[in-house]
Amino acid sequence: MVELLKCRSLAKKLLAFCLFLCFASFAFQSVEAKVRYHKWEVKYEYKSPDCYKRLVITINGRSPGPTINAQQGDTVIVELKNSLLTENVAIHWHGIRQHGTPWSDGTEGVTQCPIVPGDTFVYKFVVDRPGTYLYHAHYGMQRESGLYGLIRVSLPDGESEPFSYDYDRSVILTDWYHKSTYEQATGLASIPFVWVGEPQSILIQGRGKFNCSTPGIETGLCNATNPECTPFSLTVVPGKTYRLRIGSLTALSALSFEIEGHNMTVVEADGHNVEPFVVQNLFIYSGETYSVLVKADQDSSRNYWASAHVVSRNSTTPNGLGIINYYPNHRLRSPPTIPPIGPRWNYVAPRIAQSQAIKALKGYIHTPPERPDRVIVMLNTQNRIDGHVRWSVNNVSFNLPHTPYLIALKQNLLHTFEQTPPPEGYDATNYDIYGVAKNVNATISNSIYHLKFNSTVDLILQNANTMNVNNSETHPWHLHGHDFWVLGYGTGKFNISIDSEKYNLVNPIMKNTVPIHPYGWTALRFRANNPGVWLFHCHIESHFFMGMGVVFEEGVEKVNRLPTSIMGCGETKRFLKP
């Protein structure tokens, strides 16, 4: 009898265990990652985003392109057809780290050959982290012709953010030129040098307003009544709280974004939760994304201005304007007030203060390693090389090779790029960052930094004077394939023995894009734990075109077999079967 009772007890336990496994399996299937498939065609179309008609690169007829919506852990597949007819293309998934898929980073010359006209290329990658990210062209200067969009990654079902809101909205800020990228690039590479100048407009979600009465405008090119340039309008319900995801993909401009009469609470930066802080205007640099909470708590009988204002440059570009539409007012009803002017362009202190205010939210802190294995100091300078104006890091200006690094390293084609390693610093003792360099000459190279896999690397971005007296520019630097800890900002010349002791190792925010302020420094730390080859560059289009970037290689021997679809240029042609 005792044995029978033991058997019954064991049977009940086995049944319970089987039921548990069944429910666990069901639960796992219910949260199983999805595949998000997109079929895109990229082509030129005539558009008038700021009322002035010009050629725009569109995705399925749209600019900005379609927003990619996904959940953490999903696989995104983008089947991209290049219908630009006479122009190559590549798209970078900005902020997506590409763990296990470095060939899908979308960086022409680094991780892939460009997609030639008429060809179709498939990008496939996992979005492994919730947050707000971007995508944009990464071939030549195409990004500023309209090829860009937003990626929104939500938490899995049943999980929630550490902040609450009623509605989730998004907006992309860009600047806009009327000259083609070909004209701009030709001027930048010419002797004498022809600068691209200030943009004609600021676009909010692809919409702006150029003054069609400007002298010299050809008849028929500008139409102020064109519906394509009606202002961006965001409708809000009084009393509700909105999560506004804001991304910047400007070609040149640093911006101050504000909503008339409303505070904004910053809660996310580049996909990481932030210890909340309140701003009246948000300083945002090219390549950055933020989420802010905005409560519609003002007089609901009227609408309000949204304004994007250029800072850090003495710009002639008028503010970009949109409308915050309080329901049930008409969405295009103009606010009764004068639009916000914005802060002074050269008022640096509040920009540095905001940078320093961004800390990781308690409970979401990723503690950085205490010490680096390697420190690379990067002096940002403007130089001349054989009469050409260039941007450099440690007096070396970067050029992309014809054979992408990822393929060259995996296939042992080391002769396709220079093997002398780039410098890891500069003569900090004697270099005057506040004056024009006594010798502005520099050199060009396509050599790269080889990082020991899983090592900890510190990057010190050091700003300096340009070749113009009393001028130091803001540079937003973006790292592919990684997030980095932002350890600190400072003014003047970085002193490693003093300034490194002031690093924030307690709650530093992790980001993928960060500014270096005029005559200042920014200290970053990252772990070289993502096998591949990764670009680190100034996100200003003209600056990167002129050589402001470097490349890191780490653990490339751990990368799986490369797909042949990324090949076809330089010396990779030999790997394609006829």
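Every value quoted in this text rests on a predicted model; they were computed, and no experiment measured them. Hydrogens, waters and symmetry mates are skipped; everything else that's a heavy atom, side chains included, is used.
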Distance-only donor-acceptor check, side chains E183 and Y177, under 3.5 Å: no

Side-chain donor or acceptor of S472 paired with backbone N/O of A464 under 3.5 Å: yes

No-hydrogen, no-angle side-chain donor-acceptor test under 3.5 Å, R390 and S397: yes

Side chain to side chain donor-acceptor pair (under 3.5 Å) partner of H92, the single match among H138, E108, H478, R143: H478

E45 and V56: CA distance, side-chain angles, deciding distance, side chain to side chain contact (heavy atoms under 4.5 Å, CB included) verdict: CA-CA 5 Å; E45 296 185 38; V56 176; 5.8 Å; no

More than 12 heavy atoms from other groups under 6.0 Å of CD1 on I338: no

Beyond-backbone contact of P350 with P343, side-chain heavy atoms, under 4.5 angstrom: no

Derivation of the side chain to side chain contact (heavy atoms under 4.5 Å, CB included) call for Y405 and L535: CA-CA 10 Å; Y405 292 109; L535 185 62; over 6 Å; no

Under 3.5 Å donor-acceptor, N319 side chain and P340 backbone: yes

Parallel, tilted or perpendicular: ring planes of H262 versus Y326, cut at 30 and 60 degrees: tilted

Set of residues satisfying disulfide (SG to SG under 2.5 Å) with respect to C229, sequence neighbours excluded: C51

Stepwise side chain to side chain contact (heavy atoms under 4.5 Å, CB included) test for L244 and L234: CA-CA 10 Å; L244 185 59; L234 174 64; 4.2 Å; yes

Exceeds 12 heavy-atom contacts within 6.0 angstrom, atom OH of Y182: yes

Close side-chain approach of I202 to P318, heavy-atom, < 4.5 Å: no

Near-ring test H537/H539, centroid separation under 6.0 angstrom: yes

Side chain R207, main chain T230, donor-acceptor under 3.5 Å: yes

Shortest non-hydrogen separation from Q142 to A137 and the atoms involved: CB-CB, 3.5 Å

F210: ring-ring contact (aromatic ring centres under 6.0 Å, His included) partners, not counting sequence neighbours: H178

Side-chain donor/acceptor of S286 to backbone N/O of T250, under 3.5 Å: yes

CG/D299: more than 12 non-hydrogen atoms of other groups inside 6.0 Å: yes

Where at least one partner belongs to residues 284-331, residue pairs that pass disulfide bond (SG atoms under 2.5 Å apart), sequence neighbours excluded: none

Whether N82 side chain and E87 backbone form a donor-acceptor pair below 3.5 Å: yes

Under 3.5 Å side-chain donor-acceptor pair for N380 and Q462: no

Check: Y123 ring centre within less than 6.0 Å of F121 ring centre: yes

Criterion side chain to side chain donor-acceptor pair (under 3.5 Å) on Q382 and E473, from CA distance to verdict: CA-CA 10 Å; Q382 192 181 47; E473 299 191 10; 5.2 Å; no

Parallel, tilted or perpendicular, as decided by the 30° and 60° cut-offs, for the rings of W391 and H475: perpendicular

Non-neighbouring partners of Y133 that pass side-chain hydrogen bond (donor to acceptor under 3.5 Å, both in side chains), sequence neighbours left out: R129

Heavy-atom pair with the smallest gap, counting every atom of L252 and P199: CD2-CD, 4.1 Å

Any residue meeting ring-ring contact (aromatic ring centres under 6.0 Å, His included) with F398, in chain and number order, not counting sequence neighbours: none

Reference residue I204; test side chain to side chain contact (heavy atoms under 4.5 Å, CB included); the match among L321, L173, I323: L173

D105 and T111 side chains, donor-acceptor separation under 3.5 Å: no

Flag side-chain contact, heavy atom, 4.5 Å: V127 against I68: no

Minimum side-chain heavy-atom gap P66-H38 below 4.5 Å: no

Between Q98 and T101, a side-chain donor and acceptor under 3.5 Å: yes

Backbone of A296 reached by a side-chain donor or acceptor of K240 within 3.5 Å: no

Listed once per pair and sorted, the disulfide bond (SG atoms under 2.5 Å apart) pairs that draw on residues 183-227, sequence neighbours left out: C212-C222

Distance flag, aromatic centroids of Y135 and W40, threshold under 6.0 Å: yes

Side-chain donor-acceptor pair present, E198, S315, cut-off under 3.5 Å: yes

Among V89, N88, L84, the one residue meeting side chain to side chain contact (heavy atoms under 4.5 Å, CB included) with V116: N88

Short side-chain donor-acceptor distance under 3.5 Å, T289 and T132: no

Test item: E41 side-chain N/O and N60 main-chain N/O as donor-acceptor pair under 3.5 Å: no

Modelled atom types, side-chain donor and acceptor of N325 and S233, under 3.5 Å: no

Between S253 and R313, a side-chain donor and acceptor under 3.5 Å: no

E144 side chain to Q184 side chain, donor-acceptor N/O pair below 3.5 angstrom: yes

Derivation of the side chain to side chain contact (heavy atoms under 4.5 Å, CB included) call for V514 and Y489: CA-CA 10 Å; V514 70; Y489 299 85; 3.0 Å; yes

Any F283 side-chain heavy atom under 4.5 Å of L255 side chain: no

Polar contact flag, side-chain donor to acceptor under 3.5 angstrom, S291-R243: yes

Geometric cation-pi criterion, R351 with Y347: 6.0 Å, 45°: no

Flag side-chain contact, heavy atom, 4.5 Å: R54 against S145: yes

Beyond-backbone contact of Y148 with L134, side-chain heavy atoms, under 4.5 angstrom: no

Side chain proximity check, N463 to H517, heavy atoms < 4.5 angstrom: no

